[in-house]
Engineer: 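Below are the structure tokens for one structure; questions will follow.
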Amino acid sequence: MTKEEIAIKLKDKFGSELEILETNQPEAYVYISPARYHELCQFLKEAPEFDFDYLFQLGGVHYPEDRFELVLCFSSHERRHNMILKVKLDKDNPQIVTTSDIWMAANWYEREAAELFGIKFVGHPDPRHLLLDDDWDSGYPLRKGWTGPDFISMPEK
Amino acid sequence: MFEFDKLLLNIYHTLQVWFTANNIPLIWLDLGVMLFAAIAILSALLLLTLFLVWWERKVSAHIQDRLGPMRTGPHGVLQTIIDTVKLMEKEDTIPASADRKVFFWAPVLAFAAAFMGYVVIPFGKGLIARDLNIGILYIIAITTFTVISLLMAGYASNNKYALLGGMRSAAQIVSYEVPLTLSVLGAVMLAGTLSMNGIVEAQGPYFWRWYWLPQILGFGIYFIAATAEANRTPFDLPEAEQELVAGFNIEYSGMKFAMFFLAEFVNMFTISAIATTLFLGGWQPPLPGLSFIPSWAWFMGKTLFLVFVLMWFRWTYPRLRVDQLMDFAWKFLLPLAFINILLTGLGVYIFK
Amino acid sequence: MSAIDTLKAIFSGAWNLLVGLKTTGKYLPTRAVTLQYPDERWTMPERSRGVVVLLSDPETGELNCNACLVCMKQCPVSAITITQGKNEKGERYPITYTIDNTICCFCGICEEVCNFDAVKLTGKYEFAVFDKADLIYDKNKLQELGRDVKYERKRKPRPTPAPKPAAKPGDATEPKIETEIKPDSSAEEKA
Amino acid sequence: MGVIEKVPAYIERIPGGGIVTTSMDWVLNESRASSMWYMLFGLACCAIEMMATGASRYDFDRFGMIFRASPRQSDLMFVAGTVTHKMAKRVKVLHEQMAEPRYVIAMGGCACNGGPFYYDCYSVLKGIDKVIPVDVYIPGCPPRPESLMQGCIKLQEKIKREKLSDWASDRPMPDRTIV
């Protein structure tokens with residue numbers, strides 16, 4: 001499916017909860033409201049015309065003014081199309097339901113996003129640290145403006 | 001003139017006369033001779049081992065198109081001595097949770113077991129510490145001591161890798177002991193004696209009469225099984241670096257490690273010496289006309305050649321898997337050894 | 001598998017072991033490829049990326065650098081620190097020029113962006129020290145290191161004000177630097 | 001420490017014992033310097049260069065340096081590569097497991113000072129010398145094999161300057177629990 005077809009089909013199903021982003025990229029860019037995020041993911045995985053069986057990236061973005069964003073990139077091995085899904089999260093209490101029950105791959109990605117951005121994944125089966133030390137206690141290092149022990153910011157040039 | 005047997009006998013007889021003249025019991029003379037033999041063998045073998053370690057490094061280097069030790073003495077000949085001095089001054093660590101007594105005695109036992117076999121090895125005509133009439137049996141019994149020391153080292157270190165290495169070496173050595181002993185039997189059947197010197201003398205100074213030709217199967221089985229006994233590649237599972245870090249000697253440092261290290265090379269020399277004695281005519285020259293070269297030189301030459309082949313093996317073959325190792329011992333070498341005994345028995349029955 | 005096949009497999013296996021021995025045995029007597037380092041060395045290629053040096057004018061012996069700060073701004077890891085100064089003739093020169101060799105990743109961007117043949121990556125590599133502080137090279141050390149480095153003048157004469165071709169995205173930095181240079185007459189005098 | 005370490009403290013008190021300790025120093029330092037067994041571990045890209053140095057073209061074995069997989073038997077540790085905070089704890093344990101005398105070479109910018117990760121990085125330790133004592137620093141990203149060898153020669157110089165009496169007096173017998 002082309003990105004336009006994906007966008008139209010999703011818009012039909014989710015209506016105003018879904019927002020299509022106009023880009024010149026080859027993939028469809030879609031914003032979804034957190035309330036229907038899990039439902040959409042389930043749909044993308046299981047609907048035969050989409051068949052997004054491969055989650056190859058899940059990461060967070062910190063916009064220090066107003067929000068966090070979660071970015072998911074999927075691909076379909078069968079149908080050979082890609083799409084990118086974004087979710088806007090709350091600035092102070094970023095929280096979203098886990099998708100690790102849909103894609104196995106989401107498990108580790110979500111652990112990574114959880115420890116580096118402080119996004120809470122509700123219902124995650126294994127919320128331990130993945131990359132950072134087990135006794136790491138100096139915050140979420142990929143948030144903007146983070147400083148911690150042994151951190152030196154680049155000098156002004 | 002380079003043969004030592006007459007010289008040593010003359011000295012012995014002179015001393016005997018002197019002892020009887022002075023009314024000293026001859027037991028002291030025998031004790032003194034034994035002490036002399038022990039010291040001579042120990043010092044000669046230690047020097048030889050130092051040489052072997054250097055040689056192994058050189059062979060490995062040149063097989064890999066490298067140079068090996070170059071900067072200590074000409075072509076690095078002093079390298080092993082320097083390594084030994086360094087190991088002597090290195091801190092002797094004992095893990096806090098180790099079984100201290102067993103931990104201490106394991107390398108000592110490995111070292112002792114490696115050297116005890118040399119009592120019955122005929123280094124030359126008359127150059128044998130004690131010509132036991134059950135020499136080959138004695139050697140087989142003594143070399144198996146190694147497995148106890150390795151198990152002790154593995155157990156006492158209180159380290160999972162060490163224990164795995166020790167268990168692996170136990171399984172491997174015990175398994176390969178069986179085809180090894182059976183392959184030795186062929187040579188014993190041909191010679192009709194268990195004494196090492198007797199076996200050498202039975203072979204005679206013609207290289208086609210040595211037992212490698214009638215016992216070609218037995219020679220092969222012996223060499224493979226002995227390689228496994230000495231934990232050499234391709235059978236070096238007890239110290240497989242990729243799986244077990246350093247195997248049973250992982251917790252050993254300093255001189256204790258050096259003792260394991262030297263014991264390994266002494267073992268390598270032992271198995272080559274036994275192979276030479278049993279299958280390559282020992283100290284006999286290949287032709288009677290070549291007997292102007294002293295017998296110990298022939299023995300050393302043959303043994304060092306076999307040692308070189310072992311080194312060559314090590315830097316050629318990849319390591320076996322554990323199950324392949326066991327399959328090879330029990331399903332292939334053991335039946336082959338039995339067939340060898342059967343064929344040898346038939347041959348002895350027909351031709352004699 | 002029949003008995004004959006088994007026998008065949010055994011013999012081919014044994015034969016292959018001998019082939020392996022032959023292969024390693026072939027290399028045993030051949031000459032080793034080892035380079036005996038402290039006694040023998042490679043001649044390093046012209047563009048090898050070793051330690052960064054500051055180049056000097058071969059005639060006057062002065063540094064080519066006129067402290068335009070391009071290398072400092074372009075350095076991706078901020079290994080270069082420069083303080084600008086002006087001498088009595090009004091020419092810019094670096095008061096300090098420091099490269100922290102523990103941070104430097106030898107990417108060569110400073111050499112690429114430099115318009116005055118002032119910075120170069122050389123084939124020098126022997127710089128192990130006992131104290132970490134010795135790895136921060138100041139201006140004098142860098143100049144000393146660059147004394148014996150031969151280099152090719154790449155600086156073009158001052159561009160004539162011709163109609164500029166359409167700028168490619170990759171050239172984005174170059175015109176910018178040129179505009180910086182233009183008011184500075186000292187650079188031309190040196191050349 | 002081996003038995004030999006204790007001896008010079010006693011010998012030096014005897015008149016004329018200085019000659020003995022000097023020659024002992026020479027022998028022991030030569031043997032230490034010419035037989036540095038390095039530990040078989042690498043952390044990042046510098047480890048590739050370390051392997052190249054051990055291979056045929058540059059051949060560490062010429063200096064008598066062979067790798068040992070076990071820290072108990074190794075004298076020298078190349079910290080070859082980026083040391084993250086998480087890994088630094090493990091490196092420290094490995095260093096503690098090494099038997100005295102032990103030496104450390106920080107190889108490459110990352111091990112010296114954090115290297116390219118010095119600024120704006122949350123995960124990388126800014127220099128391994130914050131965790132374990134370092135003898136020689138080698139700059140480079142990564143250093144050439146020759147640089148590494150030059151670092152080793154530099155370390156040999158340092159070892160040859162050592163004195164047994166210093167060892168005996170300055171560094172008392174470490175009464176440490178072997179982990």
Side-chain angles (χ1 to χ4, degrees), chain C residues 24 26-28 30-45 47-53 72-81 98-110 121-137 141-142 145, chain D residues 45-46 49 52-63 78 82 103-121 124 126-130 133-159 161:
Chain C
T24 46
K26 205 167 66 189
Y27 283 97
L28 186 57
T30 52
R31 206 181 142 75
V33 295
T34 308
L35 177 92
Q36 304 206 44
Y37 159 65
D39 312 322
E40 306 167 15
R41 281 152 216 264
W42 299 116
T43 41
M44 298 300 286
R47 296 176 61 184
S48 56
R49 290 186 182 169
V51 162
V52 185
V53 300
M72 177 173 154
K73 281 175 182 158
Q74 292 291 323
C75 183
V77 290
S78 295
I80 305 177
T81 323
T98 321
I99 294 182
D100 191 342
N101 267 299
T102 58
I103 297 180
C104 179
C105 64
F106 304 95
C107 57
I109 289 178
C110 46
L121 273 74
T122 56
K124 303 180 175 185
Y125 46 80
E126 292 162 309
F127 292 100
V129 290
F130 294 128
D131 187 1
K132 194 161 79 176
D134 296 347
L135 287 177
I136 301 171
Y137 291 171
K141 170 109 189 190
L142 289 165
L145 285 173
Chain D
C45 20
C46 281
E49 214 69 10
T53 321
S56 300
R57 180 70 77 177
Y58 296 101
D59 194 12
F60 257 150
D61 204 5
R62 285 188 300 115
F63 298 93
F78 289 114
T82 317
Y103 305 96
V104 178
I105 288 184
M107 177 185 177
C110 298
C112 291
N113 207 8
F117 309 102
Y118 184 71
Y119 295 117
D120 281 355
C121 188
V124 175
K126 309 289 185 289
I128 190 64
D129 49 358
K130 295 194 174 176
V134 176
D135 292 292
V136 172
Y137 299 85
I138 305 173
C141 192
R144 286 186 63 81
E146 286 103 325
S147 306
L148 187 56
M149 286 188 173
Q150 193 245 346
C152 293
I153 293 171
K154 199 104 177 164
L155 179 61
Q156 286 182 343
E157 286 168 18
K158 181 176 182 173
I159 293 171
R161 282 203 303 270

Engineer: For the pair C/Lys132 (side chain) and D/Cys112 (backbone), establish whether a donor and an acceptor sit closer than 3.5 Å, ignoring hydrogens and angles.
Structural biologist: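 Yes; at least one donor-acceptor contact below 3.5 Å.
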Engineer: Of all of C/Asn101, C/Val129, C/Val51, which one pairs up most often with chain D through heavy atoms under 4.5 Å apart?
Structural biologist: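 The answer is C/Val129.
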Engineer: Just wondering, are more than 12 heavy atoms of other shown residues or ligands nearer than 6.0 Å to CZ in C/Arg41?
Structural biologist: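 Counting other residues, nucleotides and ligands, CZ of C/Arg41 exceeds 12 neighbours.
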Engineer: Using 0.5 Å steps for rounding, measure from the CG atom of D/Asn113 to the CD1 atom of C/Ile136.
Structural biologist: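 So the gap between those two atoms works out to 7.0 Å.
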Engineer: Calculate, to the nearest 0.5 Å, the distance between atoms CZ and CH2 belonging to D/Arg57 and C/Trp42 respectively.
Structural biologist: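 Spacing of CZ (D/Arg57) from CH2 (C/Trp42) equals 4.5 Å.
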Engineer: Only pairs of heavy atoms separated by less than 4.5 Å count here; which of C/Thr102, C/Leu135, C/Asp100 has the most with chain D?
Structural biologist: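 Counting heavy-atom pairs under 4.5 Å, the top option is C/Thr102.
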Engineer: Using a 4.5 Å cut-off on heavy atoms from C-beta on, say whether the side chain of C/Phe130 contacts that of D/Val136.
Structural biologist: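 Contact flag for D/Val136/C/Phe130 side chains = yes.
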Engineer: Using non-hydrogen atoms and a 4.5 Å limit, figure out which bit of C/Cys107 sits close to chain D: side chain, backbone, both or neither.
Structural biologist: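 Looking at C/Cys107, nothing touches chain D.
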Engineer: Quick one: are D/Tyr119 and C/Ile103 in side-chain contact, heavy atoms under 4.5 Å?
Structural biologist: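 Yes, side chains in contact.
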Engineer: In terms of heavy-atom proximity below 4.5 Å to chain C, should D/Phe63 be classed as side chain, backbone, both, or neither?
Structural biologist: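 Side chain only.
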Engineer: Judged by atom type as modelled, is there a donor-acceptor pair below 3.5 Å linking the side chain of D/Gln150 to the main-chain atoms of C/Ala128?
Structural biologist: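 Yes.
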Engineer: With respect to C/Phe127, which candidate in D/Pro139, D/Pro143, D/Ser147 satisfies the side-chain contact (heavy atoms from CB on, under 4.5 Å) definition?
Structural biologist: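 Single side-chain contact (heavy atoms from CB on, under 4.5 Å) partner of C/Phe127 among D/Pro139, D/Pro143, D/Ser147: D/Pro139.
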Engineer: Name the option with the most non-hydrogen atom pairs under 4.5 Å to chain C; the candidates are D/Asp135, D/Ile138, D/Leu148.
Structural biologist: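 If we count pairs closer than 4.5 Å to chain C, D/Asp135 comes out on top.
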Engineer: Say you draw a straight line from CD of C/Glu126 to CZ of D/Arg144; how long is it, rounded to the nearest 0.5 Å?
Structural biologist: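 Answer rounded to 0.5 Å: 10.5 Å.
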Engineer: Heavy atoms only: give me the nearest C/Cys105-D/Pro116 pair and the separation to one decimal.
Structural biologist: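 Closest pair (atom of C/Cys105, atom of D/Pro116, distance): CB-CG, 3.7 Å.
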Engineer: Just wondering, do C/Gln36 and D/Arg62 contact through their side chains at under 4.5 Å, heavy atoms?
Structural biologist: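 The answer is yes; the side chains approach within 4.5 Å.
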Engineer: Quick check on D/Asp129 against chain C: is it the side chain, the backbone, both or neither that has a heavy atom closer than 4.5 Å?
Structural biologist: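 It is the side chain, since no backbone atom gets that close.
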